[in-house]
Amino acid sequence: MQKINNRRYGFSLLEVTLAIGIFAFASVLFIGFANAQLYFETKNQTLSEAMDIMDDFCSFVEISSFDDIKGFKDANAILYVTEEEEGEIIYRKFVPREVWEMSHGGKLTGYAIGIEPMEALFAGEDPEFRYYIPLTCKLFKVHKDLKRMIPDGIGEDFFTFITVKNY
């Protein structure tokens, strides 16, 4: 007598369905992880750029005259951040809108800094006899048309406190 061997080759429908389900689940997890990684990388890059801008602004304030900074404070000025390139060096400048429109100098970076006086903490002092100016500076994202600021465009409020001294 001859024994008939009835073996099947291939996968059953259940095995194929299970494999597709595992692959789909793993793909969704991978895509979600990649999106989260991209989001946090972009946010970190934006915060790093914002910190660089605020550091450059602090340097700008240090080299500016006391009267210029006082004028910006009195006007609650908004200074637009521009970049100019000379050779391989990029210079970041902070200019009022009117100056930028008149000179058409520099490429706008999409950021602006609002300067406000910080008088609440120093209410007991006479500002006329004070040899320093306490300022609050906030970094904004600027819309392309320069007509509106985008608060919280950085992802969180980005403030700094600067004291300008008159030597």
Side-chain angles (χ1 to χ4, degrees), residues 2-64 72-73 75-101 103-118 120-121 134-163:
Q2 191 176 17
K3 188 175 184 184
I4 299 177
N5 198 354
N6 200 5
R7 289 192 172 187
R8 287 187 346 202
Y9 294 99
F11 298 103
S12 71
L13 182 59
L14 180 62
E15 291 169 333
V16 170
T17 305
L18 185 62
I20 290 173
I22 290 171
F23 179 75
F25 182 72
S27 297
V28 168
L29 286 179
F30 178 74
I31 290 171
F33 175 72
N35 283 342
Q37 193 72 13
L38 180 65
Y39 169 77
F40 285 114
E41 183 178 329
T42 303
K43 186 172 181 174
N44 286 340
Q45 193 173 23
T46 302
L47 286 174
S48 175
E49 185 177 12
M51 288 172 54
D52 286 345
I53 289 172
M54 291 306 275
D55 285 345
D56 289 348
F57 182 71
C58 289
S59 298
F60 166 77
V61 167
E62 287 177 12
I63 64 171
S64 297
F72 291 144
K73 178 210 56 129
N76 285 342
I78 293 177
L79 301 177
Y80 292 88
V81 182
T82 64
E83 289 181 347
E84 293 181 15
E85 189 172 343
E86 282 185 27
E88 295 181 11
I89 301 173
I90 296 175
Y91 295 99
R92 192 172 281 145
K93 295 184 178 181
F94 305 91
V95 295
R97 181 177 181 170
E98 302 80 33
V99 172
W100 181 81
E101 287 176 343
S103 67
H104 297 290
K107 178 186 87 167
L108 287 175
T109 61
Y111 292 100
I113 295 180
I115 301 174
E116 298 175 0
M118 183 181 249
L121 293 176
L135 300 173
T136 302
C137 305
K138 183 175 183 180
L139 186 65
F140 293 97
K141 277 276 214 187
V142 180
H143 195 265
K144 290 183 221 174
D145 61 4
L146 295 181
K147 293 183 180 161
R148 63 185 171 114
M149 300 292 166
I150 306 170
D152 301 328
I154 306 303
E156 57 188 65
D157 291 336
F158 208 93
F159 280 98
T160 190
F161 170 73
I162 300 174
T163 302

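The figures here come from the full heavy-atom set of this structure, side chains too, leaving out hydrogens, waters and symmetry mates.
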Heavy-atom closest pair (Y80 atom, P96 atom, distance to 0.1 Å) is CD1-C, 4.3 Å

Rounded at 0.5 Å granularity, tell me how far CZ in F30 sits from CZ in F23. 10.5 Å

With sequence neighbours left out, the residues meeting side chain to side chain contact (heavy atoms under 4.5 Å, CB included) with I90 are E83, E85

Using a 4.5 Å cut-off on heavy atoms from C-beta on, say whether the side chain of F140 contacts that of I113. no

For A112 and I78 the tightest heavy-atom approach is CB-CG2, 3.8 Å

Using atom types as modelled, flag every donor-acceptor pair under 3.5 Å from a side chain in residues 52-62 to any protein atom, sequence neighbours excluded.
| residue | atom | partner | partner atom | Å |
| --- | --- | --- | --- | --- |
| D56 | OD2 | R92 | NH1 | 2.6 |
| S59 | OG | D55 | O | 3.3 |

Residues two or more places apart in sequence or in another chain: which of them pass side chain to side chain contact (heavy atoms under 4.5 Å, CB included) with T17? L13

Taking the side chain from T42 and the backbone from L38, do they hold a donor-acceptor pair closer than 3.5 Å? yes

Heavy atoms of I115 and C137 approach each other most closely as CG1-SG, 4.5 Å

